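Start at 1 and go down the list; that is how both ligands and their atoms are numbered. Keep in mind that what you see is a predicted model, and the values were worked out from it rather than measured.
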Amino acid sequence: MNLNLAGKRALVTGSSSGLGEATVRLLAAEGAAVVVHGRDEQRTQAVAEAIRANGGKADIAIGDLTGDDGADAVASAALAGGPVDILVNNAGAYRHLSWADATPDTWRDTYEGNVISGVRMIQRLVPFMRERGWGRVITIGGGLAVQPMHQHPQYNATLAARHNLAVSLARELRGTGVTSNVVAPGAILVEAVKDLLTEIAPARGWGESWEQIEQDATNELVPNDIERLGRPEEIATAVAFLASPLSGYISGATLRVDGGHIRGVA
Ligand SMILES: NC(=O)c1ccc[n+]([C@@H]2O[C@H](COP(=O)([O-])OP(=O)(O)OC[C@H]3O[C@@H](n4cnc5c(N)ncnc54)[C@H](OP(=O)(O)O)[C@@H]3O)[C@@H](O)[C@H]2O)c1
């Protein structure tokens, strides 16, 4: 299927690694011009160069989204190369903390980094999409938004806020040609997740090899019908569909990509 992304320009925040990296790679392969973003310039540049080496179009934008100055820098770098038609709010971080260890300051910082970061980009870029009468905002949420674990409560709550604000934005954008949707991953195998699972494996009595740890972690933490963790490319595919003109009648929706981990009919 041709997603008709040629001629569109997409900013994917947090695309210097993980889900964001897989997403910019796929959007570029589908013909979109992409803006790769991260705080780490070297990593960000490396992703952009790899895309260009494959014949894709990629600019970069560097900045920490926990503050207005960083967000200004990212928005102006992104807009310098042309209008942004597609915003994927993906940047964020998670720490494996218990209720006892997650202090109020940690809660505040996590909200700033995972929620307000995205709001900053919406406020800077969506007005231009509105003026142009076409746009896509895709928020990366997660199953923990609706089915939180007892661990990392400060992180779970930020995913719930992301789901909520994305629907509010869809209602705000009524009749504008701009849509807002959520892609909700389950547990996806990126380096940060692999490190985290490897770190907690000994205390939980999970296997020695990575293959066994993945199997044990899947069964214990995220049991699902496909019986494995997801892969970044599987999230990128869902984002690319929602970013495309083909998704024009979808707004305020959540597309779960979690192997069926979340047990709901809605
Ligand atoms: N992996 C999963 O299982 C999973 C499941 C559900 C949801 N998610 C969500 O998916 C998103 C991507 O996660 P990932 O697993 O791909 O992690 P990752 O590999 O650690 O990637 C995180 C990205 O976000 C950027 N970033 C983090 N904090 C930032 C900040 N304050 N300002 C600007 N950029 C920032 C990082 O940039 P630099 O490192 O270059 O600075 C990096 O590019 C996160 O929002 C996460 O909550 C992940």
Side-chain angles (χ1 to χ4, degrees), residues 11-26 34-48 60-75 77-78 88-96 108-121 124 138-149 151-152 154-163 165-166 182-197 214 217-218 221-222 224 228-236 238-239 254-259 261-262:
L11 166 64
V12 180
T13 67
S15 44
S16 56
S17 66
L19 308 186
E21 177 180 352
T23 302
V24 275
R25 283 176 181 269
L26 181 61
V34 297
V35 183
V36 185
H37 160 259
R39 291 165 299 186
D40 183 304
E41 184 159 1
Q42 217 178 345
R43 252 199 321 266
T44 308
Q45 194 64 266
V47 173
I60 64 163
I62 306 297
D64 189 328
L65 299 177
T66 54
D68 287 339
D69 292 349
D72 284 340
V74 172
V88 183
N89 268 331
N90 165 78
Y94 34 91
R95 288 175 62 201
H96 196 77
R108 207 173 287 117
D109 291 349
T110 310
Y111 197 81
E112 185 79 64
N114 287 359
V115 182
I116 304 177
S117 54
V119 174
R120 289 192 171 97
M121 298 321 294
R124 282 161 178 75
I138 294 131
T139 300
I140 303 302
L144 295 168
V146 294
Q147 198 168 283
M149 293 178 178
Q151 299 99 334
H152 41 66
Q154 84 292 352
Y155 172 63
N156 305 334
T158 62
L159 294 186
R162 289 185 188 182
H163 281 220
L165 76 84
V182 175
V183 170
I188 310 300
L189 184 55
V190 298
E191 281 307 311
V193 167
K194 188 172 183 181
D195 291 349
L196 189 147
L197 295 177
E214 177 175 3
T218 301
L221 298 181
V222 284
N224 66 73
R228 62 169 170 80
L229 302 180
R231 299 295 185 258
E233 296 71 24
E234 293 171 318
I235 302 306
V239 173
T254 297
L255 177 46
R256 295 197 308 246
V257 186
D258 61 6
H261 171 61
I262 301 297

Problem - Part of S15 with heavy atoms under 4.0 Å of ligand 1, whether side chain, backbone, both or neither - result: backbone
Practice task
Assess H37 for proximity to ligand 1: is some non-hydrogen atom of it under 4.0 Å away?
Solution key: yes
Handout entry: Nearest-neighbour protein heavy atom for atom 47 (O) of ligand 1, which is reported as residue plus atom name and distance
Key = Y155 OH, 2.7 Å
Practice task
Could you tell me whether some N/O pair between V193 and ligand 1 is separated by less than 3.5 angstrom?
Solution key: no
Problem - Closest to atom 35 (C) of ligand 1 (judged by heavy-atom distance), picking from R39, E21, K194 - result: R39
Exercise for the section: Please determine if R25 and E21 form a salt bridge, counting it only when a charged side-chain N lies under 4.0 Å from a carboxylate O. Expected result: yes
Practice task
Before signing off on this row, confirm whether T66 and ligand 1 have an N or O atom pair separated by under 3.5 Å.
Solution key: no
Problem - N or O pair under 3.5 Å between G113 and ligand 1 - result: no
Practice task
May I have the step-by-step check of side chain to side chain contact (heavy atoms under 4.5 Å, CB included) for V183 and I235, ending in yes or no?
Solution key: CA-CA 8 Å; V183 170; I235 302 306; 4.0 Å; yes
Handout entry: Test item, G143 contacting ligand 1 (heavy atom, 4.0 angstrom)
Key = no
Handout entry: Side chain H163, main chain G142, donor-acceptor under 3.5 Å
Key = yes
Fill in the blank from the handout: Among V190, D109, V12, L19, the residue with a heavy atom nearest to atom 10 (O) of ligand 1 is L19
Exercise for the section: For ligand 1, note which part of R162 has a heavy atom under 4.0 Å away: side chain, backbone, both or neither. Expected result: side chain
Problem - atom 31 (N) of ligand 1 - nearest protein heavy atom and its distance - result: D64 OD1, 3.1 Å
Exercise for the section: May I ask you to identify the nearest protein heavy atom to atom 37 (O) of ligand 1, giving residue, atom name and distance to one decimal place in Å? Expected result: S16 OG, 3.3 Å
Exercise for the section: Would you check if the side chain of E234 reaches a backbone N or O of I188 as a donor-acceptor pair within less than 3.5 Å? Expected result: no
Problem - Heavy-atom check, side chain of V222 versus side chain of L229, under 4.5 Å - result: yes
Practice task
Starting from atom 17 (O) of ligand 1, locate the nearest protein heavy atom and write down its residue, its atom name and how far away it is, to 0.1 Å.
Solution key: Y94 OH, 3.6 Å
Completion exercise
Per-atom filter on ligand 1: closer than 4.0 angstrom to a heavy atom of N90 are 10 (O), 11 (C), 12 (C), 44 (C), 45 (O)
Problem - Per-residue contact class, I140 against ligand 1 - non-hydrogen pairs under 4.0 Å - result: side chain
Problem - Note: R124-D68 ion pair, threshold 4.0 Å (strictly below) - result: yes
Problem - Donor-acceptor under 3.5 Å (R162 side chain, N114 main chain) - result: yes
Problem - Best match, G142, G18, G141: closest heavy atom to atom 7 (C) of ligand 1 - result: G141
Practice task
Take the angle between the ring planes of Y94 and Y155 and call it parallel below 30°, perpendicular above 60°, tilted in between.
Solution key: tilted
Problem - From D258, T218, I262, residue fulfilling side-chain contact (heavy atoms from CB on, under 4.5 Å) relative to N224 - result: T218
Exercise for the section: Examine T44 against ligand 1 and note whether any of their N/O atoms are separated by less than 3.5 Å. Expected result: no
Practice task
Taking N156 for its side chain and L144 for its backbone only, find out whether a donor-acceptor pair lies under 3.5 Å.
Solution key: no
Exercise for the section: Can you sort out which atoms of ligand 1 are near D40, meaning under 4.0 Å from one of its heavy atoms? Expected result: 40 (O), 41 (O)
Practice task
Have a look at G63, S17, G92, A61 and point out the one with the heavy atom closest to atom 18 (P) of ligand 1.
Solution key: S17
Problem - Backbone N/O of A91 and side chain of T13: donor-acceptor pair under 3.5 Å - result: yes
